[in-house]
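All values below were derived from every heavy atom in this structure, side-chain atoms included, with hydrogens, water molecules and symmetry-related copies excluded. In this chain, numbering begins with 1 at the start of the sequence shown.
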Amino acid sequence: MITLTIDGKTCQAKEGEYLLNVARANGIYIPAICYLTRCSPTLACRLCLVEADEKQVYACNAKVKEGMRVKTVTESIAKERRAIMEVYDVNHPLQCGVCDQSGDCELQNNTLYMKVDSQSYAVQDVHRPTAHWGVMTYDPGLCIVCEKCVTVCKDMIGSNALSTVKRGAEALDKSYKESMPKDAYAMWNKLNKSLIGFEEDKCIDCGECISVCPVGALVSTDFQYRSNSWELTKIPASNPHASDCSLMYYEVKHTSIEDKNPTIYRVTNEHHYASLNGATRFGYDFANTTASKDEAQFEEAIAAFKKAQSIKFNSYITNEEALILEKLREKLGVKLINEDAKRYQNFMSAYAKASGSSLYSATLEDIHNANFVVSVGSFLKSDAPSVKYAFNNAITLNKGAGLYFHPIADPHIEGFGKKGKTIETIAHRPMNEEAILFLLLDLFGKDLPQDVADYLTSLKEKRVKTITETIKETVVEIVKDEETGEEKEVKKMVPKKVETQVEYEYTKLLDSIGSDETLLDTINAMLDKKDSFALIVGEDVIFHPKSENMARLCGMIEKYTPFNVMVVPTQTNTLGVSLICQLDDEAEGFTIGYNEKANYELSALGDGNLDMPALNQQEGTFTSLDKRVVPTNVALPYGGYVLNDLANVLLEEDVEYTIEYTQSLPTAQGFKAIEFDELSNEYKNDRTQNRGYELNAASLECETSFSFLEKIEMITSSVIYKANPINQFNAFTAKAKQLDDKNGLYLSESLAETLSLASGDKVSISANNVEVIADVTVDNQIEGEVAYVSYFEKNSETEQLFTNSRYNSATIKKV
C-alpha cells in the first residue's frame, strides 16, 4: 500500500490504482461523466482534471504514487470544468419533463454543480433522428458522446456492438480555439463530429449500455416515456435467473390511476460494481398474479404431501424453501429429486476429495483480476454471461490471455483479444473435456502424485518439426562510385528465412482434443509475464458421463497448479440446494412437483394445482457462484399460500415468515446463523462487496485416486447440444414479454446453409428414439457444425432428446 494526500486528506491505496477510484473510495468527489470503474479510461469528458504534484492530470487515468499531493479543484480547473459543462449544454434538448433520465441525469447534476446559468458558445445544430435498436432506443439529440456505452460494450461485455461514427455537423467557429479553455474546445470539437453507431449482429441485448448512459440517450424501448425515475421505488434484490445472483433493483410504482397495485417498470443495477445479463434486465415480468387463498385447494395440497413418496423441484428456489423441503423429507420420509443440484452435489463431493476443500476457490473478482484465464465445458454466452464478462475484462484490461475450449465456436470470445496472441478458442471434439483437464495438469502441475505423473509421462513422445526462422545474413555487393568510377565492396545485413529441424515433446492428449503441437506453442507464448490464473469449469463437465472423474481432475488442478477454480453452478440456487438438501437420484411413487411436472404440482407459473409465489414475490436468500449468501426482497405482492404455510401444517410448527428459516440454514455446510434482516445488500465506494456473507469452506482429507483417460466416441452424425438462447434461462424468463426467443433448434449460418435451413423453418429432430418437431433459428453469434437445442419452457419435449450428457447425436430433417 502507498500513502498520498487528496485535498489534505491522507489516503491509502494500492500501487497502480487510478486516482479517481482512490478519491471515490475515500469519499472525495471528483466530477466525471465518462468514467466507469471496471473499464479503461476513455478521456472523453475531461471533467476529472485535477492538480497532482503541481501538474494538471486527469484523475481517471493518472495512477497514484507514494507521497502524491492532489488538489481536486483550482481556479483554472474550475474555469475549465465550467466551460466543458457549457459546451455539453449547447443544443441539448430541454426535454427533461419527459426524459427517462430526468431527476437521475448526470448532465443535470453537473450543470447545477458547476453553476452553469448562462451560455457562452453556440453552433448550428443538425437533425439527428431517433433509432430503435431492439430492446433499446437511441436518441442522438440527447447524446453527449461520453462513450460510456462504447466502453462498457467493449471492456466489460465484450460485444463491441457500439462505436463512434461521424455526425456530419457544422464546423466550430475558429475563434473558439483561441478564446476557449483548451480541454473544453478539444472535447467540444470531438463531440460535434461524433455520434454512436450500432452493429446489430454483435449486440447481445444485455442492456448494460442503457444502464451506464448518463443522460437518457440510450433507454429501454419498453420503459421509454412510462415513468419519471423519481416516481419509482427501488427495491434491492438478487438476480433470480442465474447463479451470479447479481445485485439488482426492481423499480416499481402503481400500475395506473385506476389500478393502485404495484408493477415492475424496469430493472436497474449498480454498473460500477456488477453487470446484468439481458434476461435479468428485461425478464422481470414473471410474477404469479393468479393466486388466491382457496382453503379447499390448500387442504388438497396437504393431502397430496401426506401420500407423496417424492418431491421433484429445480434450483429456482430460495435457500429457505430448500430448507423447508429438507425438513419435509426428514419428517415425511419422502425423496427429494433435483437432477441439477444432485449432479452438482456429486461433482463437488468428488472435487472436494481431490482438492481438500469443500468449496472451489475462485470468485468473479478473481476472474476479473486474473491475467490468464481458461474456460472448459461452459457455453459461456448462454450458461454464464457474467462469467463471460469477467473473462473479457481479464483480457481487455489486465493485458491478459485466455483459452476457451468448447465445441461451439463463439466469435464474440474470439474478439476479446488478438487470436493466437491473447485469446485462443479451441472448438474441440464434443465430450473430450477430460483430455483438456489432463493437459492443464500436465502443463501447470507441480509435485503431482506419482501415478498421475507417470500416466502423463506415458503419453509423451519426442517428435521433430520444421520451423522457419528469420536470420540476418551478410551480403557483399560490388558498388560502382558514380563520381570516380571505382568499384568497391559493400557489406550489408539482409534478412533471410531458413528452415530448421527441432525436436519437441508431444503429448497424445492433443490427439484427443483434436488439436496439435501448435496449441502448446500458443499457450507458451501466452504465458509470458502471467502470474494470476483462473479456471472456469462449466455444465458440460458436471453433466458428463465421467463427471466424477473430471471433478477429481478439477480438484487436483486446484491443489497442484496455480489456478483458482470456479465450478459454475448451473441454476440460480444450485449451490445452495446442493448444500442444504439430501437428494435422491430417481423419484418413485406419487410425486409432488414444485415448478416441475408431477402427479400434483405446486407452481409459481400459475399452471399447477396450488399456486406458489414467483421469486420476485419472495423474501429469502440465494447462494451465489461467489459462494455468498445474498438476500432478495419482495417486489410485488402475492395473494396466495406459500411453501411455509404448507410446512407449518405438515411439520406442526408455527413459523410466521419464510425468512425465519434464514438463521437455521445448516452451519455444518458453511452457512452462518444470521437473521435475514441482518443481511446487507450493497457495494461500498471502495468496491468491496457488502452483500450477505461468504460461506465457510471446510478442509477435508484428500483422496487422489481416479481413472485415467478413456476415449469416448461420439457418433458421427449430426451432433446436438442442450443449451438455451442467450437471454432465456428457464420457464420464468419464457413468460417475459420482452424476451421473445422461440424454443427450438439453433444453428450457425454455415450449418444452416449445409442443411438448407433458414430461420422460421421447421425440422424433425430424432434422438433417443424420440422425434420432436422444432422451429429453426439461425444464430449468427455462433460458428461450427454443432447445433444447440433449447429447453427453457416448462415440460419442453426437447429435453427428451438428451440422456446422460448435454451432447447427443441426432437426425435432423426439414419438414
Determine whether a donor-acceptor pair (N or O, by modelled atom type, separation under 3.5 Å) exists between the side chain of [X] and the backbone of [Y].
X: Q617; Y: A614; answer: yes
X: E80; Y: D183; answer: yes
X: E178; Y: S175; answer: no
X: E682; Y: R691; answer: no
X: R24; Y: N685; answer: no
X: N681; Y: L247; answer: no
X: R38; Y: H271; answer: yes
X: H254; Y: P262; answer: no
X: S680; Y: N690; answer: yes
X: R82; Y: K115; answer: yes

Tell me yes or no: between the side chains of [X] and [Y], is some donor less than 3.5 Å from an acceptor?
X: T255; Y: N261; answer: no
X: Q12; Y: T3; answer: yes
X: R281; Y: S220; answer: no
X: T318; Y: T621; answer: no
X: S246; Y: N239; answer: no
X: Q95; Y: S102; answer: no
X: D244; Y: Y389; answer: no
X: K253; Y: S227; answer: yes
X: T632; Y: S238; answer: no
X: Q224; Y: D100; answer: no
X: T280; Y: N277; answer: yes
X: N371; Y: S532; answer: no
X: T111; Y: D89; answer: yes
X: S256; Y: D259; answer: no
X: T268; Y: E251; answer: yes

Decide yes or no for [X] and [Y]: does some side-chain heavy atom of the first lie under 4.5 Å from some side-chain heavy atom of the second?
X: L142; Y: P93; value: yes
X: L636; Y: I264; value: yes
X: T662; Y: L679; value: yes
X: D7; Y: V73; value: no
X: P240; Y: F286; value: yes
X: L364; Y: S386; value: yes
X: T422; Y: F416; value: no
X: K63; Y: Y18; value: yes

Centres of the Y88 and W188 rings: under 6.0 Å?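 Aromatic pair excluded; centres sit 6.0 Å or further apart.
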Looking at Y284 versus Y250, is the centre-to-centre ring distance below 6.0 Å?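 So the answer is no for these two rings.
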Kindly compute the distance separating [atom1] ([X]) from [atom2] ([Y]), expressed to the nearest 0.5 Å.
X: N26; Y: T5; atom1: CG; atom2: OG1; value: 11.5 Å
X: C206; Y: I726; atom1: SG; atom2: CD1; value: 8.0 Å
X: M136; Y: I210; atom1: CE; atom2: CD1; value: 6.5 Å
X: K381; Y: N727; atom1: NZ; atom2: CG; value: 9.0 Å
X: E51; Y: T74; atom1: CD; atom2: OG1; value: 5.5 Å

Closest non-hydrogen atom pair, [X] against [Y]:
X: V145; Y: S194; value: CG2-O, 3.4 Å
X: P41; Y: N61; value: CG-CB, 3.7 Å
X: C213; Y: L218; value: SG-N, 3.5 Å
X: A186; Y: R46; value: CB-NH1, 3.7 Å
X: E208; Y: A274; value: OE2-O, 4.1 Å
X: V373; Y: A394; value: CG2-CB, 3.9 Å

Worked verdict on Y29 versus Y113 for ring-ring contact (aromatic ring centres under 6.0 Å, His included): CA-CA 11 Å; Y29 180 68; Y113 179 75; 5.1 Å; yes
Are there over 12 heavy-atom neighbours, none belonging to [X], within less than 6.0 Å of that residue's [atom1]?
X: K55; atom1: NZ; result: no
X: Q119; atom1: CD; result: yes
X: E54; atom1: CD; result: no
X: K735; atom1: NZ; result: yes
X: K79; atom1: NZ; result: no

Side chain to side chain contact (heavy atoms under 4.5 Å, CB included) between M187 and C45, intermediate numbers included: CA-CA 7 Å; M187 188 279 293; C45 78; 5.6 Å; no
Could [X] and [Y] be called an ion pair, given the rule that one side-chain N must be under 4.0 Å from one carboxylate O?
X: D740; Y: K737; answer: no
X: K14; Y: E17; answer: no
X: D173; Y: K177; answer: no

Derivation of the salt bridge (charged side-chain N to carboxylate O under 4.0 Å, His left out) call for R167 and D125: CA-CA 11 Å; R167 177 182 181 183; D125 203 0; 3.5 Å; yes
Hey, can you tell me if [X] and [Y] have their rings parallel, tilted or perpendicular (30° and 60° cut-offs)?
X: Y138; Y: W133; value: parallel
X: F729; Y: H241; value: parallel
X: Y683; Y: Y273; value: parallel

Listing, residues 149-162 side-chain donor-acceptor contacts under 3.5 Å, not counting sequence neighbours, or none:
| from | atom 1 | to | atom 2 | distance (Å) |
| --- | --- | --- | --- | --- |
| T151 | OG1 | E147 | O | 2.9 |
| D155 | OD2 | S40 | N | 2.8 |
| D155 | OD2 | S40 | OG | 2.4 |

